[in-house]
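Let me begin by presenting the structure, written as structure tokens, before commenting on it.
Below, chain A is the first sequence line, B the second, and so on; all start at residue 1.
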2 protein chains.
Amino acid sequence: MRRDIFQAIADPTRRAIITLIALQAMTPNAIADNFHTTRQSVSKHLRILTECELVKQEQQGREIYYSLEVEKMKEIDKWLNQFRKIWETRFNQLDKVLSTMKKQKK
Amino acid sequence: MRRDIFQAIADPTRRAIITLIALQAMTPNAIADNFHTTRQSVSKHLRILTECELVKQEQQGREIYYSLEVEKMKEIDKWLNQFRKIWETRFNQLDKVLSTMKKQKK
DNA sequence: ATTTTGCGAAACCGATTAGTTGCATATATA
DNA sequence: TATATATGCAACTAATCGGTTTCGCAAAAT
């Protein structure tokens, strides 16, 4: 049971579920309708997403509404930050090359 | 063989390798020195990272230097974009609440 | 009160995964 | 030329994964 965010978003079905419930809470049945798989399978995915706190539940009678814990998604963004510095630097370097080329044209 | 970026960064060792070679190219042996695993195991991880183009190789005599393909990392950032809109909206809503509280204080 | 509906949990199964061990190959070095 | 070094690759193994089937429970509908 590794159960961290990166392992959670590794599965394409789970990524699709995340996108699906990002804007509005949905029940497992409603979610399953969107995929070619069983409710139980979706239920399993939701358990994994819940365990790593990417998703939160809200019981309403016998129905359970699942919605995205957007804050948790920021952790992926935070991890990307270390590389963002690098690709921004690379971009600046390309920028320099381009402006040098322009100058040479003149 | 799924081999997409999300599956590639799911493994903690692979994430560590990515961070390690982000700033400077390294050989498999040098990389393996940083982990409690064998060189062959690192070699396997590098193969997976290379296959999904997150990493590029540069042969130098009998040594092979591996370095990060920063551009590819942007694809994760691109996927995050759809959620970025949401969490920015949430932040703005919190902003409104805070400014309302300030007004009420006055 | 009985049936239907919405759900999670457990047991099972085939596929995949990460890691190890044992090679083979190519490039240095003595 | 013989040896040491750097590496990738294939075969194997235990663990994990995603999916299905079956079950039990609680809430709603009849």
Could you give the NE2-to-P distance, from A:H45 to C:dA9, as a whole number of Å? 15 Å

Between atom NZ in B:K44 and atom P in D:dG8, what is the gap in whole Å? 14 Å

Round to the nearest Å and state the distance from B:R62 atom CZ to D:dA4 atom C1'. 7 Å

Rounded to the nearest angstrom, tell me the gap between atom CD in B:Q40 and atom P in D:dT7. 11 Å

pair A:I31-A:L46: side-chain heavy atoms closer than 4.5 Å: yes

Tell me which of B:L46 and A:H36 sits closer to the 5' end of DNA chain D, going by the nucleotide each one is nearest to. B:L46

Gap between atoms CZ and C1', on A:R3 and D:dC17 respectively (whole Å): 9 Å

Of the candidates C:dG8, D:dT7, C:dG19, the side chain of B:T13 sits closest to C:dG19

Which nucleotide in the list D:dT7, C:dC7, C:dA18 gets nearest to the side chain of B:R14? C:dA18

So does B:Q60 get a side-chain nitrogen or oxygen closer than 4.0 Å to the phosphate oxygens (OP1/OP2) of C:dT27? no

Among the nucleotides C:dA9, C:dA18, C:dC7, which one has an atom lying closest to any side-chain atom of A:R47? C:dA9

Verify the contact: side-chain N or O of A:S43 to OP1 or OP2 of C:dA9, cut-off strictly under 4.0 Å; return yes or no. no

Using modelled atom types and a 3.5 Å cut-off, is there a donor and acceptor pairing between side-chain atoms of A:E71 and backbone atoms of A:M73? no

Under 4.0 angstrom between B:N29 side-chain N/O and D:dT7 OP1 or OP2: yes

Which whole-number value in Å describes the distance from B:Q7 CD to D:dG18 C1'? 13 Å

Starting from C1' on D:dA27, measure out to OH on A:Y65 and report it in whole angstrom. 14 Å

Rounding to a whole Å, what distance do you find between A:R39:CZ and C:dC7:P? 7 Å

Does B:T38 have a side-chain nitrogen or oxygen under 4.0 Å from the phosphate oxygens OP1 or OP2 of C:dT20? yes

Min side-chain heavy-atom separation B:E51-B:R3 under 4.5 Å: yes

Compare the minimum distances between each of C:dC23, C:dG8, C:dG19 and the side chain of A:P28, then state the nucleotide with the smallest one. C:dG8

NZ/NE/NH1/NH2 to OD/OE distance under 4.0 Å, B:D77 and B:R84: yes

Separation between CG (B:L80) and NZ (B:K85), nearest 0.5 Å, reads 12.0 Å

